[in-house]
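What you see below is based on every heavy atom in this structure, not just the backbone, and it leaves out hydrogens, waters and symmetry mates.
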Amino acid sequence: MDNLGIAVESLDDAIAFFAELGLTLEGRATIEGEWAGRVTGLGDQRVEIAMMATPDGHSRLELSQFLRPPVVADHRNAPVNALGYLRAMFAVSDLDDTLARLRKHGAQLVGEVVRYEDAYRLCYIRGPEGLLIGLAEPLGGHR
């Protein structure tokens with residue numbers, strides 16, 4: 001996978017949140033023009049994007065703030081069993097510390113932190129703008 005794209009209202013807030021998860025901002029740009037609209041099917045579009053790299057360097061997260069055309073749907077508060085985009089899961093080394101840091105950026109625990117056998121501690125949170133994010137702390141050498 002090259003990247004996962006997420007549309008947001010506030011690019012700055014989303015960048016700060018995902019930086020707290022350990023992602024690194026690679027760059028920011030405004031994308032517009034006839035070619036861009038042909039790719040997305042949106043026609044005349046203008047979108048500001050930020051590309052963030054995962055700590056291991058294997059994947060990237062593309063955050064997009066659409067300036068034109070206006071946003072037409074909002075799936076951010078859909079429950080876990082909704083069709084379509086579900087969540088992005090991030091591996092973390094210390095789940096409790098990560099939760100504490102992300103709460104300063106408005107993150108809220110969806111259910112509770114649970115242990116899956118001797119493999120992981122897991123939880124879902126609502127991140128910036130209600131995005132559903134999964135966190136997994138590997139236990140006992142799992143990964």
Side-chain angles (χ1 to χ4, degrees), residues 1-33 35-139 142-143:
M1 179 174 80
D2 181 69
N3 72 66
L4 170 71
I6 300 176
V8 299
E9 280 185 296
S10 171
L11 204 53
D12 291 332
D13 290 347
I15 290 169
F17 179 86
F18 288 106
E20 194 68 57
L21 264 175
L23 280 73
T24 304
L25 180 63
E26 288 186 329
R28 246 176 122 147
T30 299
I31 307 295
E32 62 185 324
W35 70 271
R38 287 197 343 255
V39 171
T40 63
L42 293 176
D44 181 29
Q45 78 172 32
R46 179 179 169 88
V47 59
E48 186 176 354
I49 67 164
M51 193 64 76
M52 300 192 74
T54 57
D56 63 8
H58 294 297
S59 293
R60 296 181 298 166
L61 180 65
E62 180 180 315
L63 302 169
S64 301
Q65 181 178 352
F66 283 86
L67 307 171
R68 184 180 66 236
V71 174
V72 297
D74 190 340
H75 305 284
R76 292 175 293 188
N77 294 311
V80 171
N81 60 344
L83 297 176
Y85 162 77
L86 177 56
R87 52 96 183 118
M89 178 72 74
F90 292 89
V92 298
S93 59
D94 183 334
L95 186 56
D96 297 320
D97 177 64
T98 302
L99 280 172
R101 290 184 291 111
L102 293 178
R103 282 186 172 120
K104 294 176 185 173
H105 293 271
Q108 297 177 333
L109 195 59
V110 171
E112 59 186 82
V113 176
V114 299
R115 185 181 182 113
Y116 174 69
E117 298 179 352
D118 289 330
Y120 294 96
R121 290 181 68 222
L122 304 165
C123 71
Y124 284 171
I125 60 171
R126 289 284 177 185
E129 304 175 20
L131 295 173
L132 188 60
I133 306 293
L135 301 175
E137 176 185 346
L139 301 173
H142 288 87
R143 171 73 177 138

For a 4.5 angstrom cut-off between non-hydrogen side-chain atoms, does [X] reach [Y]?
X: Val114; Y: Glu112; result: yes
X: Leu109; Y: Cys123; result: yes
X: Pro128; Y: Val8; result: no
X: Val113; Y: Leu99; result: yes

With sequence neighbours excluded, residues passing salt bridge (Lys or Arg N to Asp or Glu O under 4.0 Å) with Asp13: none
For Arg68, all residues meeting salt bridge (Lys or Arg N to Asp or Glu O under 4.0 Å), sequence neighbours excluded: Glu32, Asp44
Step-by-step side-chain contact (heavy atoms from CB on, under 4.5 Å) determination, Asp96 to Arg121: CA-CA 10 Å; Asp96 297 320; Arg121 290 181 68 222; 3.2 Å; yes
Could you state the interatomic distance from [atom1] ([X]) to [atom2] ([Y]), rounded to the nearest 0.5 Å?
X: Leu4; Y: Leu63; atom1: CG; atom2: CG; answer: 9.0 Å
X: Asp94; Y: Glu137; atom1: CG; atom2: CD; answer: 5.5 Å
X: Leu102; Y: Leu21; atom1: CG; atom2: CG; answer: 4.5 Å
X: Leu95; Y: Leu139; atom1: CG; atom2: CG; answer: 9.5 Å
X: Thr54; Y: Asn3; atom1: OG1; atom2: CG; answer: 11.0 Å
X: Ile31; Y: Arg46; atom1: CD1; atom2: CZ; answer: 10.5 Å

Looking at every heavy atom in both [X] and [Y], which two are closest together, and how far apart are they?
X: Ala36; Y: Gln45; answer: CB-NE2, 3.5 Å
X: Phe17; Y: Ala107; answer: CE1-CB, 3.9 Å
X: Glu9; Y: Glu129; answer: N-OE1, 2.5 Å
X: Met52; Y: Leu23; answer: CE-O, 3.7 Å
X: Pro138; Y: Tyr120; answer: CA-CD2, 3.7 Å
X: Ile125; Y: Leu135; answer: CD1-CD1, 4.1 Å

Sequence-distant partners of Arg28, side-chain contact (heavy atoms from CB on, under 4.5 Å), two or more places apart: Leu11, Asp12, Ile15, Glu48, Ala50
Plane angle bin for Phe18 and Phe90 - parallel if under 30°, tilted between 30 and 60°, otherwise perpendicular: tilted
Glu26, CD: over 12 other non-hydrogen atoms inside 6.0 angstrom: yes
Derivation and outcome, side-chain contact (heavy atoms from CB on, under 4.5 Å), residues Ile6 and Glu62: CA-CA 6 Å; Ile6 300 176; Glu62 180 180 315; over 6 Å; no
